[in-house]
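See below for the structure under consideration.
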Number of protein chains: 2
Amino acid sequence: MPPALPLDADCRPDCPIAAAGEVLSGKWTTLIFRDLFGGTRRYSQLQASLAGISPRILADRLRMLEERGLVHRRVIPSVPPKTEYSLTDWGRRIEPVLVALAGFGQMVQGIGARA
Amino acid sequence: MPPALPLDADCRPDCPIAAAGEVLSGKWTTLIFRDLFGGTRRYSQLQASLAGISPRILADRLRMLEERGLVHRRVIPSVPPKTEYSLTDWGRRIEPVLVALAGFGQMVQGIGARA
DNA sequence: GTAACTACTTCACTTAGTGAAGTAAATTTC
DNA sequence: GAAATTTACTTCACTAAGTGAAGTAGTTAC
């Protein structure tokens, strides 16, 4: 039985895996999705959770994801103003990727433990 | 019903998603897996398929994946010698990630078409 | 008036990736 | 027998991406 989606090299030039890779480019994007999958988060919460991320990169990634319609940004007019980020309906469709990555990552951790 | 694998921010410090991200780091790694998922490939075949990859990066990634036990490297003692790369049993377990990425990528392409 | 708070931006620096060129060794071509 | 070919890389100079410390803006608490 062939796979449900084309995984072979012939999926170019409009390869969906490459398209996903463009959205998930950079070290931090999947981890931002992971955190937002847990619910709405503020900028400072994301920065604390993503230990080591540069504020510039966090702002860049959030802006990119918002432009693509995967993340919603909401400014709360308090003092000082706060910003909330959450996944859109489109963004929530990253879930199967995160689940698959978590499964693969657990396997990789298992290899590392025995190596 | 909670997700089968921990997707929330509390999955640190040994977050399996972050572990997967380390293996799949860089622009090209998932595309190398995609190509090798289609079967054994030679270095020159991968270089042709991954249009634009630098030979240094291709060699680096293949070496990293071999060291992690996800890719098998076989030198054929012909003249000039050829090198074949294939997925190991561990490496083949990337399949669910590729399938999920392909599904997400198709959705992203769909968004792009209407934006 | 000084400090604190939040969400950033700016800037100098390091790391990752690019792409053209070079290497090695045998083998076919002239 | 000298030159060109083939494959899998390596080297090197350059550009892009990411880091991390510091700064900014506007308001309120002291």
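What you see below is based on every heavy atom in this structure, not just the backbone, and it leaves out hydrogens, waters and symmetry mates. Below, chains carry the letters A, B, ... as their sequence lines are ordered, and counting in each starts from 1. Predicted, not measured: the structure shown is a model, and the values here were computed from it.
Atom pair A:Trp28:CH2 and D:dG20:P shows a separation of 9 Å (rounding to whole Å applied). What separates CD of B:Gln45 from C1' of D:dA8 is a distance of 13 Å, to the nearest Å. The CD1-C1' distance, from B:Ile76 to C:dA25, rounds to 17 Å in whole Å. The nearest whole Å value for the distance from the CE atom in B:Met64 to the P atom in C:dA16 is 11 Å. In this structure, B:Ile53 places its CD1 atom 10 Å from C1' of C:dG17, rounding to the nearest Å. Straight-line distance from the CD1 atom of B:Ile57 to the C1' atom of D:dA16: 12 Å, rounded to whole Å. What separates CZ of A:Arg41 from P of C:dT6 is a distance of 16 Å, to the nearest Å. Note: CD (A:Gln47) to C1' (D:dA22) measures 13 Å, nearest angstrom.
Between B:Arg74 and B:Glu84, at least one side-chain nitrogen of the basic residue sits less than 4.0 Å from a carboxylate oxygen of the acidic one, meeting the salt-bridge criterion.
Counting any heavy atom pair closer than 4.0 Å across all strands shown, A:Pro81 reaches sugar-phosphate atoms only and no base atom. Backbone-only engagement by A:Arg42 is indicated by non-hydrogen atom pairs under 4.0 Å involving sugar-phosphate atoms exclusively.
Between B:Ser44 and D:dT7 there is no side-chain polar atom (N or O) within less than 4.0 angstrom of OP1 or OP2. B:Lys27 has a side-chain polar atom (N or O) that falls below the 4.0 Å cut-off from OP1 or OP2 of C:dT18. Within the 4.0 Å cut-off from OP1 or OP2 of C:dG17, at least one side-chain nitrogen or oxygen of B:Arg61 is found.
Among the nucleotides C:dA7, D:dG18, D:dC9, the one closest to any side-chain atom of B:Thr83 is D:dC9. Closest to the side chain of A:Tyr43, out of C:dT10, C:dT18, C:dA7, is C:dA7. When distances run from any side-chain atom of A:Pro80 to the nucleotides C:dA21, C:dC8, D:dG26, the shortest one goes to D:dG26. Nearest nucleotide to the side chain of B:Val79, out of C:dA26, C:dA16, C:dT18: C:dA26. If you check C:dG17, D:dA17, C:dT9 against the side chain of A:Pro55, the one that comes closest is C:dT9. The nucleotide whose nearest atom lies closest to any side-chain atom of B:Lys82 is, among D:dA8, D:dT28, D:dA17, D:dA8. In this structure, the nucleotide among C:dC8, D:dC9, D:dT19 sitting nearest to the side chain of B:Tyr85 is D:dC9.
For the side chain to side chain contact (heavy atoms under 4.5 Å, CB included) with B:Leu46, the qualifying choice from B:Ile53, B:Leu31, B:Leu36 is B:Leu36, the only one to do so.
Ring planes of B:Tyr43 and B:Tyr85: tilted class, angle from 30 to 60°.
Taking only distance into account, the side chain of A:Ser54 never meets the base of D:dG18 through a donor-acceptor pair shorter than 3.5 Å.
If A:Arg56 and B:Arg63 are placed on DNA chain D by their nearest nucleotide, the residue sitting closer to the 5' end is B:Arg63.
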Next item on the list: Let me see the working for B:Phe104 and A:Val23 under side chain to side chain contact (heavy atoms under 4.5 Å, CB included), right down to the final yes or no.
Entry: CA-CA 10 Å; B:Phe104 182 72; A:Val23 174; 4.1 Å; yes
Check: Can you list the steps and then say if B:Thr83 with B:Arg73 is a side chain to side chain contact (heavy atoms under 4.5 Å, CB included)?
Finding: CA-CA 7 Å; B:Thr83 316; B:Arg73 178 189 137 119; 3.7 Å; yes
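The shortest non-hydrogen separation linking B:Val108 to A:Arg68 is CG1-NH1, 4.3 Å.
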